[in-house]
Protein chains: 2
Amino acid sequence: MTNQKKTYHHGDLISSLIKAASEILQEEGVEGLSMRKLADKVGVSRTAPYHHFKDKNELLCAIAAAGFKAQEARLQTLLSSHEESEKRFHQYVYQYIEFADTQREVYDLMYGRLIWKTGTPTSALKDASKQTFKRWLDWVEQLQEDKVLPDNNSALRVGQASWASLHGLSRLLIDGIYLDRNDIQAMTEQMIQTLIRTQPASN
Amino acid sequence: MTNQKKTYHHGDLISSLIKAASEILQEEGVEGLSMRKLADKVGVSRTAPYHHFKDKNELLCAIAAAGFKAQEARLQTLLSSHEESEKRFHQYVYQYIEFADTQREVYDLMYGRLIWKTGTPTSALKDASKQTFKRWLDWVEQLQEDKVLPDNNSALRVGQASWASLHGLSRLLIDGIYLDRNDIQAMTEQMIQTLIRTQPASN
DNA sequence: TTTTTATTTTGACACTGTCAAGATTAGACG
DNA sequence: CGTCTAATCTTGACAGTGTCAAAATAAAAA
């Protein structure tokens, strides 16, 4: 108990838990996030969280789902700007990488094996991720019409492939394989060149 | 002790450990690989492995390093074929994805956060990964000369960016985000189209 | 054969997720 | 107001983890 008004009944543990968990996550990474430490931080006994989240897995899913909501909101904000289409795409790529960079641990939960492979994604999480991806695909379709992204294939394929590329870049950054900021920046720029339909000086 | 001739001195624990660890890895994933279970499988006491590997981390690094060697050997084999340059690149991409797919857990160790971020990569591992990457870059240079990969940027940048793309695809497959084989296949094909210099029907 | 060195083991510690059973309290109903 | 019920939280316990220190064993060197 790291000090807290002891009232037996906490009030709203659920949101307190998510908040505290997010903090630990940001500061110490997912390795530093244990249910016991979390409970202690909130000022509650070890097993109290288990009455609000069936599992540690479920807690993580909740955080990840919130991450998808945040990511989607960011996209919507960008889409409501009156920028040129290609420039917006440019901005999106940087925004995507920046999100992954600043919210590393959340990003890892959203797209990492811990939940999707080792654990079991909540149906709420699945829905959130699907919706975010759908919003992306809708935009890809438009980007194809605007001749920004290639239209040699369906929006789904182009959307999948280009997203996979962004994801790969994000992972290299997140997982500590590329730590050099300059490299990431230059790699991002190069990737944009590759993704965008208009190739510079072909032939 | 899962049965084994008990001779107190094992003979060559080191390689036995790596072999057994690789098996557990393939069958149960890294989550199922504990030092104690490993020791038991080899027929030795809990802490015996610690006289050959300082850490669990070091054990994992050894496996990862072997993975890099294997990956590099595969590349060399491919490069010794007398195929057309573009076709070889095509083959490489499929080979890369296939490697990640069939050796999921090893791939995850090689490029995952467990070692590179959470843990600390052995200098031997660092060397192995650097060398593998260098071999890739050398080939990229040649691919640029052959007009297969774009030459709008240095071999380093083009190599980094295109590798990041492949990595992203691999991760989606490995981490259980895309389970559908057909999707991966089609995504791979689309990605190749994007990576390769000659854009189909531009303008 | 004795001594040194290389291996391996037993004991211990602090930590993890989570289950079962009991304690405490808030809110609903009279 | 008092009583009952349902929600909420706690204590105890178990099996599992990585890894350190000290003791036991065996092989190699003298």
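In this text, all values refer to a predicted model and were calculated from it rather than measured experimentally.
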**Q** Closer to the 5' end of DNA chain C via nearest nucleotide, is it A:Gly32 or A:Lys54?
**A** A:Gly32
**Q** Classify the side-chain pair B:Gln190/A:Gln160 by whether it contains a donor and acceptor separated by less than 3.5 Å.
**A** no
**Q** Rounding to an integer number of Å, can you tell me how far A:Met35 CE sits from D:dG16 P?
**A** 20 Å
**Q** Rounded to whole angstroms, how far apart are CZ on A:Arg36 and C1' on D:dT17?
**A** 12 Å
**Q** Once you apply a heavy-atom cut-off of 4.0 Å, does B:Thr47 come out as touching a base, just sugar-phosphate, or nothing?
**A** base
**Q** Is any side-chain nitrogen or oxygen of B:Ser34 closer than 4.0 Å to OP1 or OP2 of D:dT17?
**A** yes
**Q** Taking CG from B:Asn57 and P from D:dC20, how many angstroms apart are they, rounded to a whole number?
**A** 12 Å
**Q** State whether the distance check finds a donor on one side and an acceptor on the other, under 3.5 Å, for side chain A:His51 versus base D:dT8.
**A** no
**Q** Counting the benzene-type ring for Trp, do A:Trp116 and A:Tyr111 have ring centres under 6.0 Å apart?
**A** no
**Q** Are A:Glu189 and A:Tyr94 close enough that a side-chain donor and a side-chain acceptor fall under 3.5 Å?
**A** yes
**Q** In whole angstrom, give the distance that lies between atom CG of A:Asp40 and atom P of D:dC9.
**A** 15 Å
**Q** Whole angstroms only, please: what is the CD-P distance between B:Glu31 and C:dT16?
**A** 19 Å
**Q** Please determine, for the side chain of A:Leu13, which listed nucleotide (D:dC9, D:dT19, C:dG17) has the closest atom?
**A** D:dC9
**Q** Determine: side-chain N/O of B:His52 to OP1/OP2 of C:dA6, distance under 4.0 Å, yes or no.
**A** no
**Q** If we ignore angles and hydrogens, is there a donor and acceptor under 3.5 Å between the side chains of A:Gln71 and A:Arg74?
**A** no
**Q** Whole angstrom is fine here: how far is it from NZ in B:Lys37 over to P in D:dA15?
**A** 16 Å
**Q** Any chance you could measure B:Ser165, atom OG, to B:Ile192, atom CD1, to the nearest 0.5 Å?
**A** 11.5 Å
**Q** Without decimals, in angstroms, what is the distance between B:Tyr50 OH and D:dA22 C1'?
**A** 17 Å
**Q** Using whole Å, what does the distance between atom P of nucleotide D:dG16 and atom CZ of B:Arg46 come to?
**A** 13 Å
